[in-house]
Each structure stands twice: as C-alpha cells, then as structure tokens.
Amino acid sequence: MSRPVRFNIHPIEANIADAIGNAPSPEGFGGDGFFTARLSEVVGLARKNSLWPLPFATSCCGIEFMGTMGSHYDLARFGSERVGFSPRQCDLLMVMGTIAKKMGPVLRQVYLQMAEPRWVIAVGACASSGGIFDTYSVLQGIDQVIPVDVYVPGCPPRPEAILDGFMKIQELVGQESIRRRNGEQYKALLNGYGIE
Amino acid sequence: MTEQHHIKLPEGSIEKQTTTLNVGPTHPATHGVFQNIMELDGERVVSTEQTVGYIHRAFEKLAERRPLYQVTPITDRLNYCSSPINNMGWHLTCEKLLGVETPKRVDYLRVIIMELARISDHLICNSIVGVDTGAYTGFLYVMQYRELIYEIYEEVCGSRLTTNIGRIGGFERNFTNTAFTKLEKFLKEYPKVLKEFENLFARNRIFMERTIGGGAISAERALNYGFTGPNLRAAGVDYDVRVHSPYSSYEDFQFDIPVGKTGDNYDRFLVRNQEMWQSLSIIEQAYQKIQAFKGAEAEIYHADVPEYYLPKKEDVYTKMEALIWHFKIVMGEVDMPKGEVYKAVEGGNGELGFYLISDGGRTPFRLHFRRPCFIYYQAYPELIKGGMLSDAIVTMSSLNLIAGELDA
Amino acid sequence: MAIDNQFIQKTLTEKFGEMVFNYQDSYGMLSFEAPKEQNLKVLQYLYDEPTLGFQFLTDLCAVNYPDDKGRELAVVYHLHNLQENTRIRFKVFTAIENTDVFTASKLYAAADWMERETFDFYGVNFVGHHNLKRILNVDEMDYFPLRKEYPLEDQTRIDKDDEMFGRG
C-alpha cells in the first residue's frame with residue numbers, strides 16, 4: 001500500500017536568501033575598528049571551521065563516508081574540504097569501520113603520529129564497541145587502544161549521523177581551552193593508554 | 001673510510017639493488033585494508049609480499065551461532081558495495097536447502113534489486129579507477145546516482161547500505177508506488193549520466209595510456225587462479241553464473257555478456273561499463289514484466305511458506321497458527337533438513353558461493369563463503385610484476401578489491 | 001550437454017575402483033570421497049581426463065566433525081567443468097592427530113590461499129605448500145579458531161557481560 005511521499009520526489013526551489021547565514025560571533029567587546037574576545041574562543045572558532053580529517057576507513061562505514069563526502073551530503077561545507085591521508089598533517093582521525101586485532105597496532109601508530117591538538121571520532125558500531133562482531137578477532141571498540149572524543153552509533157550511520165558527530169566534534173573544538181593539552185588531566189588520560 | 005662502530009647495517013644491504021616499499025594497510029581510504037610490501041627496482045616492481053586479514057571478522061564462525069535469518073545481516077557485510085546481491089544469494093541458498101519455490105513476481109523483483117546493486121558496485125569501482133588515475137570528477141558525479149539507488153533500497157527495506165533485504169521466499173513487504181516511481185526516475189535519468197561518465201573515460205587518451213597494458217592476465221592463467229566475474233570476462237572467458245546456472249528466473253531475460261581480450265585494466269573498465277548497460281536493460285525488462293502482473297497477482301511478494309516466512313503481525317495477534325509459526329521462527333525452533341548445499345550467485349566481483357552444511361540443528365553446522373575477491377587477489381603479484389608502481393596502484397583498484405569480502 | 005553424475009561415477013569407478021567411494025547426490029551435486037593420500041591422483045585425473053575435464057577449482061574448505069573419531073577434519077574441494085557446466089564435490093577426511101594432506105596448489109594456483117586459510121582456521125597441514133603461514137588471523141595466534149572446541153568470543157574481553165547476552 002502506498003503512503004503520501006514527502007521527500008526527494010519534488011525538490012524545493014533553491015533560494016539564495018536561505019543559503020547565506022551568519023554564524024554567531026564569540027562574546028566580546030567591540031567598537032569602531034576593534035574587537036576583543038577571549039583567545040581560546042577565537043582560536044577555537046578558527047580551528048573548528050577548518051578541521052582536516054583523516055578518513056581511516058576500513059569497511060562499510062567507509063562507503064557511507066564516501067557518500068558524506070559526495071555532493072548530496074557534502075562534508076566540505078563544514079570546512080573539511082581537504083581530507084588528508086597523512087597523519088602528520090591532520091587534526092581529526094575519523095575511524096570508520098571494524099578494527100580487527102591485527103589492525104590495532106596500525107591504528108595506534110597512526111594516532112601517535114598525529115600532532116596535538118588532535119581529536120578522534122569513532123564512526124559506526126564496530127569502531128565504538130565492536131558492533132555485531134563479538135568475535136575473537138575483532139577489537140571491541142577502538143577505545144581499547146586510543147582515546148576517543150565522539151562516538152557515532154549506527155551500522156552504518158546515515159550520512160546525517162556522521163555529520164551530526166562531526167558537528168559535535170566542532171563543538172568540542174570550539175570550546176576547548178588552550179591549556180588543555182598541557183594539563184595534568186590530559187596527560188593522565190594518555191598515560192592510561194600507555195602513550196607518553 | 002673505516003668501518004662505523006655505531007651503525008650496524010643489515011646483511012647484504014649495501015649490495016641490495018632494490019628498494020623495499022610498504023604500501024598499506026592504510027591507503028588513501030578508498031580501497032580497503034591490505035598491505036603489500038613491494039620490492040622496487042627504481043620504479044619497476046620486482047616482487048611483492050601480500051598481507052591480508054586486517055579486517056578479519058570471523059563470519060564463518062559467527063554463522064555457526066546464528067539461525068538462518070540472523071545470518072543475513074552478516075552476509076550484507078561481505079561485499080558491502082552491493083549488499084543486496086549477498087542477501088539474495090543467502091536466501092537462495094536457504095531456499096535450495098529447504099526446498100522453497102518462489103513465485104515469478106518475487107523473482108523479477110529480486111532481479112531488479114540485484115541489478116541495481118550490480119550497477120552500484122560497478123559505479124564505485126569504475127569511478128575509483130578514475131580517481132586513481134587522477135580524475136576525481138567522475139566519482140563525485142556518479143555518487144548522486146548511487147544516492148538514488150540507496151533511496152530505492154530505503155523504500156523497500158529501510159536501510160541504505162547494509163540492507164538485510166528480503167526473506168526466505170520473498171520480500172518483507174510489497175514494493176510501494178514510491179519505490180516504483182523512484183525506479184522510473186532512475187531509469188529515465190541514469191542512461192544519460194552513464195553515457196557522460198563513459199565519454200569521460202572510454203576514449204580519453206590519458207586514461208587509455210594509463211590503463212592499457214597494465215595488469216594483464218591471460219585466460220588460462222586466470223582460470224587456473226580461479227578468477228570469476230568481470231576480471232575473468234575481461235581476460236576473454238564468458239563465464240557468468242547468471243547464464244550458466246540461472247537462478248531467480250534470469251533465464252527469462254535477454255542480455256549479453258561483455259567479454260574483453262587482454263585482461264588488462266582498460267578491458268576491465270570497459271567490461272564493467274558495458275555490464276552496467278546490460279544491467280540497465282535487464283532492469284527495464286523486469287520492470288515491464290512486473291507491470292504486466294494485474295489484480296491479485298500484483299500483490300504477491302513472497303512464497304507461501306509459513307514455516308520459514310514470518311507471518312503478518314495482525315495475524316500473529318489474532319490467529320493461533322500464525323502465533324505458533326512466529327514463535328518457532330523467531331526462536332529458531334523450525335525443523336531444518338539435514339544436508340549439504342552449494343549455491344552460487346553472480347556477485348559484483350564474480351561467483352559468490354555459499355556452502356552450507358546443516359545437521360538438523362537450529363544453526364548451520366558449517367557455512368563457508370566462496371569469496372571471489374579472496375581468490376583473485378592471489379594473482380596480484382603476477383599481475384604487477386615488471387610494471388611500474390603507479391600501474392600497480394591502478395591495477396589494485398581496477399580489480400575491485402573489497403576488503404570485507406577479502407577477509408570475511 | 002552436461003555430463004551427468006552417473007557418467008562421472010562410472011568413469012571414476014573404472015579408473016579407481018574401490019578407492020573412490022561414498023557416492024552421494026546432494027541437491028543435484030555428486031559428492032564422493034577418497035583416502036587423503038590419493039587426493040592428488042584423483043584431482044589430477046579429474047583435470048586431465050578429456051571426458052571429465054574438471055579444470056576449475058571453485059572452492060576449497062574444511063569442516064570439523066568433532067564426533068567422528070579418526071575422521072575429524074574433512075577437506076572439501078568443489079570442482080567445476082566450465083564447458084559442460086557440471087559441478088562436483090570431492091572430500092578427503094583426516095584425523096585430528098596427524099593432519100597432513102597433499103597440497104593441490106601445484107595443480108590449481110587458486111588453491112594457494114585457500115589452503116592457507118584452511119590451515120589458519122583448522123590446522124590442516126598441507127604438505128608441499130610453498131608458504132603455509134597464517135593468512136587471516138594474527139601471526140602469533142597459537143590455536144585454530146574455527147574448530148568446534150573453541151568459543152567464538154574473545155574470552156579476555158572485560159566490557160561485555162555474557163549474562164546479558166544469554167551466554168553466562
């Protein structure tokens with residue numbers, strides 16, 4: 001039996017007024033030709049709108065990531081136009097797909113090569129917790145080997161879900177204190193994973 | 001200069017003429033996780049040592065724990081670019097074991113879904129070959145039409161990529177009018193896109209010079225290596241499971257099998273391209289056949305097998321037998337015949353086989369997947385020997401290696 | 001014209017007599033067995049004989065029958081004759097104490113990795129294989145995981161509660 005269709009058959013006409021929006025500026029005090037704000041907020045604003053992701057795509061979630069990178073769901077509008085494959089140049093490690101125990105050391109090595117500040121997003125059920133593969137050969141979640149900032153559930157998550165996870169990372173990046181990476185708590189977190 | 005005390009060079013490293021290069025396991029994401037340690041003489045590949053298993057998820061052991069319906073989600077994750085074909089292959093295997101006959105309309109609907117999956121798989125492979133030779137545009141352009149295919153899957157089963165589509169005996173619900181509208185939209189718009197995509201690469205001089213001659217294999221070697229699918233057809237052997245052991249009423253359709261000559265990267269590209277045209281023609285024929293069903297026949301979407309097909313929820317709440325069947329199927333208490341069955345379907349990469357041994361218990365005693373990617377990846381060292389490193393990369397992507405299917 | 005199962009059975013019985021036995025028809029496919037020492041002879045004959053011509057190795061896998069003493073591991077070859085479009089299944093059984101089976105990788109290049117996978121999962125030692133190492137599992141693994149005696153889950157994991165999964 002059919003139901004009324006609401007999406008995708010009759011596209012909405014594009015309107016330029018809808019497409020342009022202004023992001024809120026950070027809190028501060030401004031006047032004629034100057035603006036003062038907290039340094040961490042300005043730095044956060046700059047960082048969060050120009051994250052360079054490293055797509056560590058191993059399986060099915062990688063194909064949904066390819067859909068997210070495509071023009072339909074477009075990750076580039078969040079500032080991550082340039083995806084890099086070298087960990088030395090990237091900020092955000094997007095782990096998409098199942099990580100087997102054989103792959104664990106490789107993932108750790110890639111994470112160690114990234115420079116601070118670095119963030120990790122675990123996309124999909126397999127990266128978050130092992131997913132449906134509760135077997136002898138699958139790592140039950142990448143947080144067994146590296147610290148993770150955002151988990152995106154789904155098998156595979158829809159591109160909208162991946163974008164939602166990305167936006168949460170952006171919130172984290174925008175609000176991070178500049179001193180966080182040198183602080184005691186962060187060092188203790190890394191030591192918990194055996195990373196100096 | 002005298003010997004150095006603090007640096008110990010490995011044995012024979014001064015005389016060694018070749019470079020060792022580690023390619024993988026983390027490539028520029030699109031291919032999947034496998035590692036090749038190549039010995040290079042300048043740019044030429046002398047030999048390579050392969051390591052796979054970086055995404056081994058123990059599907060075969062997992063299947064021994066799950067009753068038949070619970071195995072379908074793990075078959076999805078074999079070749080995840082065309083997961084409906086894996087699902088249908090599994091359902092066909094179960095139907096062969098259980099002796100279930102599907103009505104014609106179900107077969108034609110299955111053919112539509114499988115051919116859409118084949119188009120989706122070949123689109124990824126061909127556009128990634130384009131990306132590897134430097135042409136990124138084709139990939140982004142055809143992604144939009146893959147999204148339309150995903151929308152059709154979503155109408156039928158609710159999920160985009162790992163579809164878990166269908167049941168033993170048919171489908172979980174009839175195709176809605178929306179699904180058919182979207183299918184018509186696809187059939188109307190896609191040929192133009194495929195023509196543009198083909199024009200971008202097929203007679204493009206740069207692409208031809210990059211791909212012709214690379215990764216060639218002869219038909220005899222390919223058969224000895226167990227190649228199937230587009231890679232074998234590019235080498236010149238016209239073996240297609242849909243024609244040789246027809247399943248799901250493929251014998252009612254009229255289509256050609258494109259065959260190449262030299263088995264190199266260019267032939268593989270052209271074979272996959274032509275297969276997409278053939279798939280499009282099959283979908284059109286199937287759609288016309290489905291529209292020819294009228295009245296009560298147009299409402300059939302599953303075989304009448306209450307032992308294996310979950311009954312409607314309204315019946316479960318009101319009728320006794322439906323409740324009992326529902327309980328038995330969900331708890332896996334349905335009697336299974338003992339026996340061994342091997343069933344093959346034509347997946348995106350070749351002959352995807354399921355070897356199922358049942359001992360009468362609720363779960364398979366042994367389930368083995370005959371995965372085409374695993375079998376033809378063995379030939380990779382022979383394909384790239386003597387060629388250049390950049391050709392080796394293009395060969396890897398033109399073979400369409402899907403890591404999920406390789407490691408299972 | 002497909003060669004039918006009776007013709008294959010007749011030809012094999014003429015050549016090998018009692019050595020090839022246990023002919024069965026499972027869902028249309030002929031399946032038969034031979035002692036493990038003779039597996040290469042039978043495979044070579046099936047390959048070379050012009051009336052049979054099974055020159056395509058579709059699949060090679062193993063099955064573990066823990067209750068069948070003396071025949072715990074079966075190595076199953078699925079062969080295919082592409083011209084005549086016929087498939088057959090050939091099995092050899094081996095005991096679990098001594099799992100030596102001759103390798104088919106000299107005859108079929110496809111058997112190379114399939115035998116490595118079988119070794120990795122079940123521990124079948126293929127004699128004469130040029131590189132019999134683990135292929136899909138971690139190299140340091142010291143047991144053969146797909147044998148029935150071993151569980152599916154990793155027993156050292158701490159975050160999943162077996163009680164909740166019904167396996168407590």
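Proteins come first, then strands; the chains are lettered A, B, ... in the order of their sequence lines, and each starts at number 1.
The neighbour count for A/Q109 CD, taken as heavy atoms of other residues, nucleotides or ligands under 6.0 Å away, does not exceed 12. At most 12 heavy atoms of other shown residues, nucleotides or ligands fall within 6.0 angstrom of atom CD in A/E184. More than 12 heavy atoms of other residues, nucleotides or ligands lie within 6.0 Å of CD in B/Q291, so this atom counts as buried by the packing criterion. Other residues, nucleotides and ligands contribute over 12 non-hydrogen atoms within 6.0 Å of the CZ atom of A/R77. More than 12 heavy atoms of other residues, nucleotides or ligands sit less than 6.0 Å from atom CZ of A/F34.
Nearest heavy atom pair, residue B/I124 against residue A/M66, reads CD1-CE, 3.9 Å. Between B/I55 and A/T58, the shortest heavy-atom contact is CD1-O, 3.8 Å. In terms of heavy atoms, B/V52 sits closest to A/K102 at O-NZ, 2.8 Å. Summarising the geometry of B/T162 relative to A/C60, their closest heavy-atom pair is CG2-CB, 4.2 Å, with the distance given to 0.1 Å.
The stretch residues 149-159 of chain A places A/C155, A/P156, A/R158, A/P159 near chain B, each with some heavy atom under 4.5 Å from a heavy atom of that chain. Contact residues of residues 166-174 of chain A toward chain B are absent (heavy-atom distance under 4.5 Å).
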Problem set entry | Candidate pair A/I132 and B/R66, rule side chain to side chain contact (heavy atoms under 4.5 Å, CB included), full reasoning | CA-CA 12 Å; A/I132 64 174; B/R66 295 169 160 229; 4.3 Å; yes
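The OH atom of B/Y80 lies 12.5 Å from the CD atom of A/E64; values are rounded to the nearest 0.5 Å. We find the CG-CZ distance between A/D134 and B/R65 to be 8.5 Å, quoted to the nearest 0.5 Å. For the atom pair CD1 of A/I63 and CE of B/M143, the computed distance is 7.0 Å after rounding to the nearest 0.5 Å.
A/P87 meets the side-chain contact (heavy atoms from CB on, under 4.5 Å) test with A/L54, A/V110, A/Q113, A/M114; sequence neighbours excluded. A/E41 is linked by a salt bridge (charged side-chain N to carboxylate O under 4.0 Å, His left out) to A/R38, counting only residues two or more places apart in sequence or in another chain.
Residue contact with chain B, scored on non-hydrogen atoms closer than 4.5 Å, involves the side chain of A/Y136 exclusively. Of the two parts of B/Q70, neither the backbone nor the side chain holds a non-hydrogen atom closer than 4.5 Å to a non-hydrogen atom of chain A. Heavy atoms closer than 4.5 Å to chain A are found in the side chain of B/Y150, but not in its backbone. At a 4.5 Å heavy-atom cutoff, the contact between B/L62 and chain A is made by side-chain atoms alone. Residue B/R146 touches chain A through its side chain alone, counting heavy-atom pairs closer than 4.5 Å. Interface remark: B/T51 contributes side-chain atoms only to the contact with chain A (heavy atom separation under 4.5 Å). In this structure, no portion of B/V142 lies under 4.5 Å from any heavy atom of chain A. Of the atoms belonging to A/T135, it is side-chain heavy atoms, and not backbone ones, that fall under 4.5 Å from chain B.
Using a 4.5 Å heavy-atom cutoff, the side chains of B/R77 and A/S59 are not in contact. Two residues are said to be in side-chain contact when any heavy atoms from C-beta on lie closer than 4.5 Å; B/L140 and A/M69 fail this criterion.
Per-residue counts of heavy-atom pairs under 4.5 Å with chain B were compared for A/F65, A/Y73, A/F133; the largest is that of A/F133. The residue among A/L139, A/T98, A/V138, A/V83 with the most heavy atom pairs within less than 4.5 Å of chain B is A/T98. Among A/V106, A/L107, A/I99, the residue making the largest number of heavy-atom pairs under 4.5 Å with chain B is A/V106.
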